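Note that the structure is predicted; figures quoted are calculated from it, not measured. Read the numbers this way: they start at 1 and go in the same order the structure lists the ligands and their atoms.
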Amino acid sequence: MRGLFIVLEGCDRSGKSTQCHQLVKQLQAKGYSAQYRNFPNRTTQTGKMIDSYLRQATELDDHAVHLLFSANRWEAMNSIKDTLESGITLVVDRYAFSGVAFSSAKGLDLNWCKQPDVGLLSPDVVVFLDLSIDEAEKRGGYGEERYERRELQTKVRNQFMKLKDDTWKVVNAAQSAEQVEKGIWSIVEAALSTSTNQRKSLLYSLWK
Ligand code: FDM
Ligand code: MG
């Protein structure tokens, strides 16, 4: 049976990366093969351009960088598909939802933002770690990268809310790390329990 394609999304400081790594560990402890991936993947050619932009070392047009983020996902699709088909479950830290939420928060048209990601592999589960901006700021403030500002983060959160559909599972990220972990696990456990026939075949159908 193929692996599950799990995406964790949320605003900065919501604990996404920590929870992704915890989830991989928990899956492995239960005997599942699981791996962590993240977007942007800063190690590829597109990823290096994105990294330099995020560190504010270079400037890029908003549209151009949006397309780079999308290309950074497209170039990973074959590998993601092969990995899932080999039976490995993937826990992915950010996906196209971040792509659209951030770029549209900067003022680009939301529908325009979705287009380059239309037809990416659809995740089986999207877990949204929900945290208010006030709670996020209490966690030690933002860092030095582009986008790590309260004003933009507030807009990003609003844009995420517009993308949320009934396939999303929301977990309150203001809880303790252990409680968040439990909330995520119960969602993942339900998805894992689907039998071979029930698990829908992998489709390049995001936003189609
Ligand atoms: N980000 C991330 C985008 O603007 N578009 C995208 O498609 C993705 C995947 O990049 F501010 C933003 C979100 C965040 C920044 O992400 C770097 P990490 O997770 O902090 O590395
Ligand atoms: Mg960050």
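Annotation for Lys106: atom NZ counts as buried by contact number, over 12 foreign heavy atoms lying within 6.0 Å. Within 6.0 Å of atom CD in Glu151, 12 or fewer heavy atoms from other residues, nucleotides or ligands are found, so the atom counts as exposed in its surroundings.
Ring to ring, Phe160 and Phe97 are not that close: their centroids are 6.0 angstrom or more apart. Taking the six-membered ring for Trp and the full ring otherwise, the centers of Phe69 and Tyr53 sit at least 6.0 Å from each other.
If you look at Pro40 next to ligand 1, the close heavy atoms, those under 4.0 Å, come from the backbone and the side chain alike.
Atoms of ligand 1 lying under 4.0 Å from any heavy atom of Gly99, numbered from 1 in the order shown and given with element: 5 (N), 6 (C), 7 (O). Below 4.0 Å from some heavy atom of Phe39 lie the following atoms of ligand 1, by number and element: 9 (C). Near Arg73, meaning under 4.0 Å from any of its heavy atoms, are these atoms of ligand 1: 6 (C), 7 (O), 9 (C). Near Leu54, meaning under 4.0 Å from one of its heavy atoms, ligand 1 places the atoms 10 (O), 15 (C), 17 (C).
Taking the six-membered ring where tryptophan is involved, the planes of Tyr204 and Trp74 are essentially parallel, since the angle between them stays under 30° and well short of 60°.
When only modelled atom types and interatomic distance are considered, Asn72 and Thr44 share a side-chain donor-acceptor pair under 3.5 Å.
Using a 4.0 angstrom heavy-atom cutoff, Lys16 does not count as in contact with ligand 1. For Arg42, the closest heavy-atom approach to ligand 1 falls below 4.0 Å.
Relative to atom 14 (C) of ligand 1, the option among Gln153, Glu148, Arg94 with the closest non-hydrogen atom is Arg94.
With contacts defined as side-chain heavy-atom distances shorter than 4.5 Å, the pair Leu27/Val188 qualifies.
Of the protein's non-hydrogen atoms, the one nearest atom 6 (C) of ligand 1 is Phe69 CD2, 3.1 Å.
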